[in-house]
Amino acid sequence: MPSADSSSQRPNFVFILADDLGYADLGCYGGRGHRTLGGSCSPVIDMMAAEGLRFTQGYANSPVCSPTRFALATGRYQYRLRGGADEPISSRTRIDPLLGPLLGLPPEHPTLASLLRDAGYRTALVGKWHLGYAPYFGPLKSGYEEFFGAMSGGLDYFNHCDPSGAHDLWEGEQEVFRIGYLTDLISERAVDYVRRQARSDKPFLLSVHYTAPHWPWETRTDEEESRIVRDRNEHIVHTAGGSVQNYLTMVRQMDEGIGRILEALKGTGADRNTMIVFTSDNGGERFSDVWPLVGRKMDLLEGGIRVPDVVRWPARIAAGGVTSQQAITMDWVATMLEAAGVEEHPDYPLDGASLLEVLDDPTATFDRELFWRMKYRGQKAMRAGQWKYLLLDGDEFLFDLSRDERERANRARREPQRVEAMRARYAEWEATVPAVPDQAAFTIPYRKSDQAMPSG
């Protein structure tokens with residue numbers, strides 16, 4: 001149950017999102033990085049788990065970045081946005097909007113940030129946005145009062161250019177140029193924000209969305225690799241670089257930044273009544289560890305959607321907890337709104353479920369259904385209790401995840417009635433959201449005569 005100090009004032013929220021982190025990369029999830037680095041690559045996050053609650057059945061809303069971020073912003077299935085929001089927003093959409101559709105999160109759609117802001121919270125996003133480009137979209141149009149970071153999906157860590165080659169570092173909606181390793185720049189700005197809030201009498205939401213350990217594979221000491229990629233005119237999605245050592249070092253340097261954020265919270269007296277959530281936007285990439293799962297980013301196999309999920313809130317959450325509750329990215333919107341005493345918008349009902357009861361009692365789990373789809377390889381998936389239905393390249397699979405998390409034993413032929421029932425239930429759910437769009441994400445037809453953004 002909440003203690004006196006947690007119930008007498010509204011909590012702060014710090015939501016930390018890694019990019020392409022594998023389920024088992026962290027020490028607290030069995031990561032084997034100590035074999036390479038001589039110790040866990042995540043001692044700070046491991047400490048957060050020891051002082052808080054760790055979810056073993058945490059999921060991302062998608063196996064790719066933008067769709068999960070739509071769900072994180074809205075607390076709803078990303079597919080509900082007009083035209084769908086099924087796949088990442090390409091940096092190519094930064095071209096003249098007269099040449100093509102605009103893709104992004106509609107500014108009129110309520111978000112976690114806008115609902116908390118309207119209820120008296122200060123709000124800031126530091127790091128990666130990837131939900132549409134200015135001037136039509138952006139954090140400042142979707143509830144955040146401050147923004148420092150990148151609009152696109154991936155940046156070189158030193159020259160801060162996106163896959164199109166364009167420089168992509170912003171202060172609000174103004175392009176800014178900074179010298180430094182991007183992970184450290186994000187951490188430093190987050191620390192600065194926390195310290196500035198000590199002078200405010202309002203609670204705050206701080207979203208810290210790292211680009212690490214997303215490609216390109218550059219650590220704090222790899223500026224020369226950045227120059228090589230630039231001089232050779234290689235795309236930053238290149239496959240010539242990187243290693244397990246390199247990747248785990250990127251995770252550790254992110255972890256060090258999280259440690260500085262925690263120290264800032266403690267130094268300002270905000271630590272005890274701040275809920276800190278750490279998770280990833282999707283499953284791991286080529287150098288990550290997802291054992292015992294299979295699959296990776298882009299897949300609806302467990303390795304593509306099962307992610308680390310750690311929450312720490314000393315005023316309310318008992319230390320050392322572990323829960324088997326199935327949770328998904330959009331649940332954190334419902335959870336934070338309930339913790340803050342803020343109602344959802346009546347016209348935009350949440351799909352996520354509040355996890356507050358589980359935070360109070362990790363054994364207080366509840367049954368639910370979860371759904372995913374992915375245009376790539378025609379993928380569909382449903383989780384219901386211990387069972388998972390998967391459609392992949394036209395083939396149907398049924399897995400009992402309580403016995404087979406590795407998804408090697410296809411039970412579809414042995415239990416055709418269960419397959420039929422789950423297929424029918426999936427179709428019933430899918431009928432409630434728009435069809436898979438031709439475009440990868442939310443589309444707004446734009447013409448020069450348009451005077452305002454159309455309603456969603």
Side-chain angles (χ1 to χ4, degrees), residues 14-21 60-74 78 85 87-94 103-105 111-113 123-134 137-144 146-164 166-173 175-176 178 180-190 193 205-218 236-237 250-251 253-255 257-258 261 277-285 297 307-308 329 332 441:
V14 176
F15 193 95
I16 303 174
L17 191 67
D19 201 343
D20 291 2
L21 186 73
N61 263 77
S62 172
V64 286
C65 42
S66 292
T68 292
R69 294 165 196 270
F70 279 109
L72 173 59
T74 66
Q78 60 271 26
E87 297 185 24
I89 294 176
S90 169
S91 61
R92 292 191 299 274
T93 63
R94 294 181 67 180
L103 307 175
L105 175 61
T111 64
L112 172 65
T123 59
L125 170 62
V126 179
K128 175 175 170 177
W129 169 244
H130 206 193
L131 293 178
Y133 292 97
F137 309 100
L140 300 191
K141 291 179 170 60
S142 290
Y144 288 105
E146 294 187 26
F147 169 59
F148 172 79
M151 292 285 188
S152 66
L155 272 69
D156 184 279
Y157 286 81
F158 293 95
N159 63 39
H160 313 143
C161 290
D162 72 13
S164 74
H167 180 262
D168 185 29
L169 197 59
W170 304 82
E171 178 90 52
E173 295 184 352
E175 185 178 14
V176 294
R178 298 287 185 267
Y181 182 60
L182 184 59
T183 299
D184 290 340
L185 294 178
I186 291 170
S187 299
E188 290 162 7
R189 181 54 66 94
Y193 185 82
L205 163 69
L206 171 61
S207 298
V208 185
H209 296 181
Y210 285 100
T211 60
H214 194 286
W215 46 253
W217 318 110
E218 298 167 355
I236 63 171
V237 197
M250 294 172 71
V251 176
Q253 291 170 351
M254 174 182 65
D255 187 79
I258 294 170
I261 296 170
V277 177
F278 176 87
T279 188
S280 179
D281 61 347
N282 48 250
E285 241 267 25
K297 179 179 180 178
V307 291
T329 312
W332 292 111

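By convention here, the first residue in the shown sequence is residue 1.
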**Request:** With side chain to side chain contact (heavy atoms under 4.5 Å, CB included) as the test, would you mind laying out the steps for Val208 and Ile258 before giving the verdict?
**Result:** CA-CA 9 Å; Val208 185; Ile258 294 170; over 6 Å; no
**Request:** Evaluate the side chain to side chain contact (heavy atoms under 4.5 Å, CB included) criterion for residues Asn61 and Phe70: first the C-alpha distance (whole Å), next the side-chain angles of each, then the deciding distance (0.1 Å), finally the verdict.
**Result:** CA-CA 9 Å; Asn61 263 77; Phe70 279 109; over 6 Å; no
**Val307 and Thr329, any side-chain heavy atoms less than 4.5 Å apart** = no
**Tyr144 versus Leu125, closest heavy-atom pair with distance** = CD2-N, 3.5 Å
**Value rounded to 0.5 Å, distance of CD in Glu146 from CG in Leu140** = 9.0 Å
**Message:** Nearest 0.5 Å, please: how far is OH in Tyr210 from CD1 in Ile16?
**Reply:** 6.5 Å
**Message:** Looking at Leu155, is its backbone amide N or carbonyl O close enough to the side chain of His214 to form a donor-acceptor pair, meaning the two atoms are under 3.5 Å apart?
**Reply:** no
**Complete:** Closest non-hydrogen atoms of Ala150 and Trp170, given as atom of the first, atom of the second and distance, are CA-CD1, 4.5 Å
**Asked** Rounded to the nearest 0.5 Å, how far apart are OH of Tyr193 and OG of Ser207?
**Response** 9.5 Å
**Item:** Approximate separation, where rounding is to 0.5 Å, of Arg189 CZ and Leu206 CG
**Value:** 11.0 Å
**Prompt:** Distance from Asp19 atom CG to Trp215 atom CH2, nearest 0.5 Å?
**Reply:** 9.0 Å
**Message:** Please find the pair of heavy atoms, one from Tyr133 and one from Asp162, that lie closest to each other, and give the distance.
**Reply:** OH-OD2, 4.4 Å
**Asked** Short question: side chain of Glu218, backbone of Tyr157 - any donor-acceptor pair under 3.5 Å?
**Response** yes
**Message:** Between Leu112 and Phe15, is there a side-chain heavy-atom distance shorter than 4.5 Å?
**Reply:** no
**Message:** Tell me if a side-chain donor or acceptor on Lys128 pairs with a main-chain N or O of Gly153 at a distance below 3.5 Å.
**Reply:** yes
**Request:** List the atom of Ser152, the atom of Asp168, and the distance in Å for their closest heavy-atom pair.
**Result:** OG-OD2, 2.5 Å
**Request:** Before giving the answer on side chain to side chain contact (heavy atoms under 4.5 Å, CB included), spell out for Phe148 and Leu185 the whole-Å C-alpha distance, their side-chain angles and the decisive distance to 0.1 Å.
**Result:** CA-CA 9 Å; Phe148 172 79; Leu185 294 178; 4.3 Å; yes
**Asked** What's the shortest heavy-atom distance between Phe278 and Ala18, and which atoms?
**Response** CZ-CB, 3.8 Å
**Request:** Could you tell me whether a side-chain N or O of Thr123 sits under 3.5 Å from a main-chain N or O of Gly143, the two making a donor and an acceptor?
**Result:** yes
**Request:** Only counting residues at least two apart or in another chain, list the ones meeting salt bridge (Lys or Arg N to Asp or Glu O under 4.0 Å) with Glu173.
**Result:** Lys141
**Mutual orientation of the aromatic rings belonging to Phe158 and Tyr181 [parallel < 30°, tilted 30-60°, perpendicular > 60°]** = tilted
**Message:** Contact between Leu182 and Leu169 at the side-chain level, heavy atoms closer than 4.5 Å - yes or no?
**Reply:** yes
**Request:** To the nearest 0.5 Å, tell me how far Arg69 CZ sits from Leu17 CG.
**Result:** 5.0 Å
**Item:** Considering all heavy atoms, the nearest Ser280-Asn282 contact
**Value:** OG-O, 2.9 Å
**Prompt:** Any ion pair linking Arg178 and Asp184 (charged N to carboxylate O, less than 4.0 Å)?
**Reply:** no
**Prompt:** Can you tell if the side chain of Leu21 reaches within under 4.5 Å of the side chain of Pro308, non-hydrogen atoms only?
**Reply:** yes
**Qualifying residues under side-chain hydrogen bond (donor to acceptor under 3.5 Å, both in side chains), relative to Ser66, sequence neighbours excluded** = His130
**Pair Met250-Thr183, side chain to side chain contact (heavy atoms under 4.5 Å, CB included): steps then yes or no** = CA-CA 9 Å; Met250 294 172 71; Thr183 299; over 6 Å; no
